[in-house]
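Following: one structure in structure tokens, then a few remarks.
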Amino acid sequence: MTTPVPPLTKSQFPDSFVWGVATSAFQIEGAALQDGKGPSIWDSFCRQPGAIADNSNGDIACEHYARWSSDLDMIADLGVDAYRFSISWPRVRPTGAGAWNDKGLDFYERLVDRLVEKGIKPYLTLNHWDLPDALQANGGWAHRDTVHRFVEYAEGIQARMGDRLASIATHNEPWVVAVLGHESGVFAPGIKSRATAAQVSHHLLLSHGLAVQALRAQRSQASLGIVLNLSPMHPATDSDADKAKTQLEDGKLLRWYMDPLFKASYPQDVLDHLGEDAPKMEAGDLKNIAVPIDFLGVNYYSRSVISADNSWKAGSTGLEVTDMNWEVYPEGLTELLVRMHRDYAVPPLYVTENGGAFKDAMQDGRVHDQDRTSYIQNHIAAVGEAIRQGVRMKGYMVWSLMDNFEWASGYEKRFGIVHVDYATQVRTLKDSARWYRDFLGQPQSQRTAAR
Ligand code: FCB
């Protein structure tokens, strides 16, 4: 394990740099059908036998829907500038079309108001994967209608609480929704079709562009953007086959999203690869996708190493791996950010997610998660290095505030800097949270009060 050199201090970053923690609705809220919430595709997917490693679901999760107020106190005590969270679309509009649910809207409005009161900037994500089930019954993201329902959803949220939001991200990780949800089918809605996945990715991007335009028309004061999951791709060997596959995988993960967003085109090599499975588009779609945005969020966990025969195994190079079996590779974050800055006319960038799942042990009321602490320190240092190399970086958010429902892995993988005892819902700051709090300095509330 490497220790960052020189020792990391907040003063090495610009004063305006935003430090945060992140969560998403389905992973923490619970209250799956409470107060008028409609089911989401993740509620249904969890019911499919074998879909979730520990056969769990999001019915209870971290009970954040009930415990939001004390959870916000905990966030404030960490001293962060921002809290990144998502709205559950079916909680505010149960079928994704038709009537809105006031109780759901009230919940998020209370949350936003309390954040503002505490001097914490609300960073909202509209779609962190939990599409209303009723829209899936109508074809979901594969159906062009969903694009328009999403725009209405964005407009409804902006009208209700947009004046208090610092930031609105349209989608979280469209690649995951498209490919894991519709090609490999390991995530909701569990479809296995490459053509559907390609169509879904196009509709997600289109809905992003149209939503941004609609929010601007409503004079949104929040900064508007999207969050992508990206990794640098490295060939396992120097063989032509490994290098060619690496180039294609880079196209499928990074260029497939970055090119339409910033160059109004899809990469030709990936279109050729997809052949008849390429998405159906209408005239003007690409122009609508490539609208200017205020920020781009990057979720970074590891690099990808590509071998033509899929034989490469994480850990085989001797690097540490996390409990997800993802290589710990902080220098990949610098490489990625510098490359995005070099190859595209990007707006200011955020790391909107970064963190690690590790096997934690509670000892005498403490979790000594040195591995997670080092992971976070080294990745923050990697962001600092990107800034030194000229990348315009605006902020960094740890994934995640607390242990939560890790999708198909259920509750077995713990990403939190706060430990959650699922039997009692007791929250305990791990050493990583204590380190982050010290790094950030005094709690935000005290800082504000001291002025
Ligand atoms: C990302 C997701 C987030 C979390 C982390 C570990 O892909 O956006 O919800 O599950 O991975």
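Numbering of ligands and ligand atoms starts at 1, following listing order. If you're wondering where the values come from, they're calculated on a predicted model, not measured in any experiment. Heavy atoms only: backbone and side chains are in, while hydrogens, waters and symmetry mates are out.
Below 3.5 Å of separation, one finds no N or O of W129 facing any N or O of ligand 1. Polar contact check, N172 against ligand 1: a nitrogen or oxygen pair lies under 3.5 Å apart. Considering both main-chain and side-chain atoms, E353 comes within under 3.5 Å of ligand 1 through a nitrogen or oxygen pair. Remark: ligand 1 and W407 share an N or O pair separated by less than 3.5 Å (distance only, no angle test).
Taking the charged nitrogens against the carboxylate oxygens, D106 and R91 have no contact shorter than 4.0 Å, which rules out a salt bridge. In summary, K118 and D77 do not engage in a salt bridge, as defined by a charged side-chain N under 4.0 Å from a carboxylate O. Ionic pairing of K430 and D369 is not present here: no N-O contact between side-chain nitrogen and carboxylate oxygen is shorter than 4.0 angstrom. Ion pairing between D73 and R427 fails under the 4.0 Å rule for side-chain N and carboxylate O.
Every atom of ligand 1 with a heavy atom of H128 under 4.0 Å away is listed here by number and element: 2 (C), 3 (C), 8 (O), 9 (O).
The closest approach between a heavy atom of N229 and any atom of ligand 1 is not below 4.0 Å. In this structure, M324 has no heavy atom closer than 4.0 Å to ligand 1.
Of the heavy atoms in V176, none comes closer than 4.0 Å to ligand 1.
Ring planes of F17 and F13: tilted class, angle from 30 to 60°.
Under the 3.5 Å distance criterion, with hydrogens and angles disregarded, a donor-acceptor pair is assigned to the side chains of H208 and T170.
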